[in-house]
Amino acid sequence: MAKLTKLDDIVSLCKRRGFIFQSSEIYGGLASCYDYGPLGAELKRNVRAAWWKAVVQMRDDVVGLDCSILMHPMVWKSSGHADKFADLVTVCKKCNTRTRVDHLAESDKPAAAEHTEHVDIEVEAGKEHNLGGKVCPACGTVGQFSKPMAFRLMFETQMGANADDTMTLYLRPETAQGIFANFRNVLDSSRVKIPFGIAQIGKSFRNEVTTKAFIFRTREFEQAELEFFCKPGTDDNWYNHWKEQRFNWYLNLGIKKENLRFRDHDPDELAHYAKACVDVEYKFPFGSGDWQELEGIANRTDYDLRQHQRGMRTMNDWFEQKGDLSKITLRDEDPDYVKGPLAYFEEETRERYVAYVIEPSAGVDRSTLAFLVDAYDEDEVNGEVRNVLRFHPHLAPIKAAIFPLVKKDGLPEIGRKLYDDLKKHFNCFYDEKGAVGRRYRRQDEAGTPYCMTIDGQTKEDGTVTVRERDSMVQCRVAIDQIKSFLREKLDL
RNA sequence: GCGGGUGUAGCUCAGUGGUAGAGCGUCACGUUGCCAACGUGAAUGUCGUCGGUUCAAGUCCGAUCACCCGCUCCA
């Protein structure tokens with residue numbers, strides 16, 4: 001990228017060219033929500049398609065899935081989100097530091113208790129919290145706390161139009177759990193055998209305490225996740241396999257090598273269920289902390305499937321407590337859990353085990369932004385600055401533009417015909433207005449790899465001028481060869 | 001949630017309490033005809049929103065919304 005050095009520049013570019021707008025802008029905007037404009041929608045669609053092609057279509061060992069966003073509440077009880085995705089937080093009036101209420105120590109006791117028990121926000125928030133004797137861990141001030149604030153990290157909604165007969169559901173905070181919940185279905189219906197993966201792209205929702213940084217951290221976001229199931233003991237190899245696969249995916253789609261890196265998680269940074277985790281990071285041109293996560297690749301062990309086996313054993317409690325998750329404790333694991341409903345039987349060795357899971361989890365919005373930023377470039381042509389988005393052809397929103405050189409002499413008719421033919425195969429754009437140089441530059445800013453110009457010579461020998469985006473080099477191609485020319489050049 | 005900053009045309013931005021501006025872009029016409037050409041003309045504004053002060057508010061005051069920077073937070 002040349003001169004995109006501030007987030008403001010990116011926001012401005014995105015809006016000016018119709019990639020990304022603020023949501024509900026005519027009403028003053030809605031925090032943390034963004035919309036994709038005409039070019040952005042195409043770009044994001046292409047990012048999804050490229051992911052799906054690499055992770056599903058080109059693999060013999062991965063199948064796709066598309067789950068509902070709303071799922072049975074017990075899914076989130078089993079996954080741990082229902083218990084651990086909510087906290088009460090208070091602010092020290094002296095030093096303005098935030099601390100979780102359950103982390104506060106009494107002034108006469110040395111250590112704060114770690115948060116292990118479930119916190120029922122409804123109950124806790126209604127209670128009088130006596131923080132008078134509590135000490136701020138940051139500045140040591142005693143008893144100077146604001147009223148505790150509840151942070152629920154899962155969005156809630158009500159299912160059922162009848163107000164007397166509704167059920168509280170959660171908008172999924174990750175797509176992964178839908179995959180685990182369908183593990184058995186896929187296994188029983190698609191003749192897959194371990195090792196194999198299930199992939200899914202879809203929206204997730206998290207009530208982040210803070211958002212910021214444009215579309216980088218939003219409360220509604222899109223994930224592209226793969227859960228790859230493998231035999232315990234082979235998980236380290238598969239972890240490394242997917243690390244490499246996923247890193248190369250970004251490079252193959254044109255991300256500059258110097259802007260991409262791995263960052264391994266420290267052991268104390270790992271979630272309690274993860275054996276290993278690495279982030280793929282991109283060097284965004286934001287103000288601070290340049291390197292930001294695009295994707296996390298984790299070894300989740302057999303934690304999730306075992307948790308769901310516990311959850312399935314807990315359904316009686318669910319009914320008995322009338323669906324009140326706060327009154328339910330997951331039942332202990334069956335000592336014979338390797339024979340459980342989500343376990344796997346390996347024919348060849350006659351072994352039973354619960355599969356380990358390698359999870360590459362990518363942010364579609366983050367990747368889209370990275371591809372956009374990375375493709376941005378400024379050229380100098382005859383003393384003029386040329387803005388160009390050097391998208392990989394697979395990602396380019398428009399693959400080819402068709403221009404009659406002038407709007408007369410029958411050239412528009414020829415151009416129209418070519419356009420009508422090409423648009424059946426590629427996303428194309430037709431433009432006959434204004435100077436052709438301007439039309440070229442406009443397509444450069446949209447990242448269109450090729451422009452085709454119908455000129456006087458077309459009527460003589462049936463060739464058109466093909467102008468290439470990055471080099472601006474022109475050549476002549478027979479009009480009836482254009483389709484195969486594009487197929488070859490765009491690798492489509 | 002705290003502190004700092006910003007908000008005026010599609011974009012970048014001027015604008016001293018007294019008629020809403022420029023450049024770029026967009027559109028039309030003419031000329032031209034292969035890299036943002038030229039000429040003429042046009043359209044586009046709840047000045048983020050709401051309220052207050054004032055004869056008069058884009059400008060002063062208050063609140064609020066959104067964004068940016070820095071904290072805080074980030075199972």
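Numbers restart at 1 for each chain; the letters A, B, ... are given by sequence-line order, proteins then strands.
- Side-chain contact, A:Q309 with A:R306: no donor N or O sits under 3.5 Å from an acceptor N or O.
- Comparing atom distances between the A:A31 side chain and each of B:A66, B:U26, B:C73 picks out B:A66 as nearest.
- Spacing between B:U59 and B:G3 at atom C1', rounded to whole Å, works out to 26 Å.
- When heavy atoms are screened at a 4.0 angstrom cut-off, A:G456 is found touching no nucleic acid atom at all.
- Between A:Y450 and A:F485, the two ring planes are perpendicular [angle over 60°; tilted spans 30° to 60°].
- Here A:Y34 lies in heavy-atom contact (under 4.0 Å) with sugar-phosphate atoms only.
- Contact of A:R467 with B:C35 (side chain to base): a donor-acceptor pair of N or O atoms is detected under 3.5 Å.
- Remark: the separation of the C1' atoms in B:U31 and B:U40 is 11 Å, to the nearest Å.
- When heavy atoms are screened at a 4.0 angstrom cut-off, A:F214 is found touching the sugar-phosphate backbone but no base atom.
- With both ends at atom C1', the span from B:A14 to B:G70 equals 29 Å, rounded to whole Å.
- Under the Watson-Crick or G-U wobble criterion, with both distances below 3.5 Å, B:U40 is paired with B:A28.
- To the nearest whole angstrom, the two P atoms, one in B:U54 and one in B:C71, are 44 Å apart.
- Donor-acceptor pairing under 3.5 Å, judged by distance alone, is present between the side chain of A:Q474 and the base of B:C35.
- Nucleotides B:A36 and B:C24 place their C1' atoms 10 Å apart, quoted to the nearest Å.
- Judged by distance alone, with hydrogens and angles left aside, A:R439 brings no side-chain donor or acceptor close enough to the base of B:C35 to form a pair under 3.5 Å.
- In the set B:C74, B:A28, B:G25, the nucleotide with an atom closest to the side chain of A:K433 is B:A28.
- Within the nucleic acid shown, A:S12 comes within 4.0 Å of sugar-phosphate atoms alone, with no base atom in reach, counting heavy atoms only.
- Only the P atoms considered, B:C50 is 14 Å distant from B:A57, to the nearest whole Å.
- At a threshold of 4.0 angstrom between heavy atoms, the contacts of A:S32 are confined to the sugar-phosphate backbone, with no base atom among them.
- The residue A:Q22 sits close only to the backbone: its heavy atoms come under 4.0 Å of sugar-phosphate atoms, none of a base.
- Nucleic acid contact class of A:R386 (heavy atoms, under 4.0 Å, all strands): none.
- Residues A:E174 and A:S204 have side chains that never bring a donor and an acceptor to within less than 3.5 angstrom of each other.
- Ring to ring, A:F216 and A:F214 are not that close: their centroids are 6.0 angstrom or more apart.
- Side chain of A:R442, nearest nucleotide from B:U26, B:A36, B:C35: B:U26.
- For A:D420, the salt bridge (charged side-chain N to carboxylate O under 4.0 Å, His left out) criterion is met by A:K423, not counting sequence neighbours.
- At least one side-chain heavy atom of A:Y34 sits less than 4.5 Å from a side-chain heavy atom of A:T218.
- Applying the 4.0 Å criterion to OP1 and OP2 of B:A37, one finds that A:R438 has a side-chain N or O inside that range.
- Taking only side-chain atoms of A:A435, from C-beta outward, the nucleotide of B:A28, B:A37, B:C35 with the closest atom is B:A37.
- For the P atom pair drawn from B:U12 and B:G4, the interatomic distance equals 25 Å after rounding to whole Å.
- Side-chain proximity of A:R217 to B:C35, B:G25, B:C74: nearest is B:C74.
- In this structure, A:E445 reaches the bases: a heavy-atom distance under 4.0 Å links it to at least one base atom across the strands shown.
- Counting any heavy atom pair closer than 4.0 Å across all strands shown, A:I26 reaches a base atom.
- If you take atom P in B:A37 and the same atom in B:U46, they sit 30 Å apart, rounded to whole Å.
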